[in-house]
Amino acid sequence: MQKFMVLYLAPAAGMAEWMQKPETERKEEERKMKAEWDSWMAAHAAMIKETSAAGKTTRITKQGVTDAANDLMLYSIVEGDSAESIAELFKSHPHFGIPGASIEVMPVRPM
């Protein structure tokens, strides 16, 4: 089995759109999405080695250190036979309930 990093992305515009929904409607959709997320993750638990939320971004360049923003919300480390087989499993992930959301899969290679 090979390890892969799975990135869960959501653009700021999609999150802003999500937050504009009436709170009762948004909370109900969040509850439903969390239940679907938990179910999906439990069904695929054998391949998922870690899932964590991404925090506030700090960008470091030769010019210095600044606050930054990107679309990364969460990441997982998973094991599977190929990027294609992992991608196929994630096609039905509840993360796509967020407007503009995407998921990226890439192999993790030792340095």
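Only this structure's heavy atoms are used, side chains among them; waters, hydrogens and symmetry mates stay out.
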Same cluster (ILVMFWY, side-chain, under 4.5 Å), Met33 and Met19: yes

Please round to the nearest 0.5 Å and tell me the distance separating atom OG1 of Thr58 and atom CG of Asp67. 5.5 Å

Looking at every heavy atom in both Ala101 and Pro11, which two are closest together, and how far apart are they? N-CD, 4.2 Å

CD of Glu79 to NZ of Lys49: how many Å apart, nearest 0.5 Å? 4.5 Å

Under a 4.5 Å cut-off applied to non-hydrogen side-chain atoms, are Ile103 and His93 in contact? yes

Do Tyr75 and Leu9 come close enough that some side-chain heavy atom pair is under 4.5 Å? no

Rounded distance (nearest 0.5 Å) linking atom OG1 of Thr57 with atom CG of Leu72: 7.0 Å

Begin with the C-alpha distance, continue with both residues' side-chain angles, and end with the deciding distance and a verdict on salt bridge (charged side-chain N to carboxylate O under 4.0 Å, His left out) for Glu30 and Arg26. CA-CA 6 Å; Glu30 288 171 356; Arg26 190 181 75 245; 3.4 Å; yes

Check the pair Val105 / Glu84 against side chain to side chain contact (heavy atoms under 4.5 Å, CB included), numbers first and verdict last. CA-CA 9 Å; Val105 176; Glu84 294 78 14; over 6 Å; no

Applying side chain to side chain contact (heavy atoms under 4.5 Å, CB included) to Lys21 and Glu29, what does each step give before you reach the verdict? CA-CA 10 Å; Lys21 291 183 177 193; Glu29 289 181 24; 2.5 Å; yes

Please tell me whether Ser76 and Tyr8 have a donor and an acceptor in their side chains that are separated by less than 3.5 angstrom. yes

So which atom in Trp18 and which in Pro99 form the shortest heavy-atom distance, rounded to 0.1 Å? CE3-CD, 3.6 Å

Is there side-chain contact between Met73 and Ile98, with heavy atoms separated by less than 4.5 Å? yes

Does Gln2 reach the side chain of Phe4, with side-chain heavy atoms less than 4.5 Å apart? yes

Do Ile77 and Met5 come close enough that some side-chain heavy atom pair is under 4.5 Å? yes

Could Glu28 and Lys32 be called an ion pair, given the rule that one side-chain N must be under 4.0 Å from one carboxylate O? no

Just so I know, are the side chains of Arg59 and Thr61 near enough to count as touching, which here means a heavy-atom distance under 4.5 Å? yes

Counting C-beta onward and ignoring hydrogens, is there a side-chain heavy-atom pair between Thr51 and Met41 closer than 4.5 Å? yes

Is Leu7 close to Met106 at the side-chain level, that is, under 4.5 Å between some pair of heavy atoms? yes

Determine whether the aromatic ring centres of residues His95 and Trp40 are separated by less than 6.0 angstrom. no

How many angstroms lie between CD in Gln20 and CD in Glu25, if you round to the nearest 0.5 Å? 12.0 Å

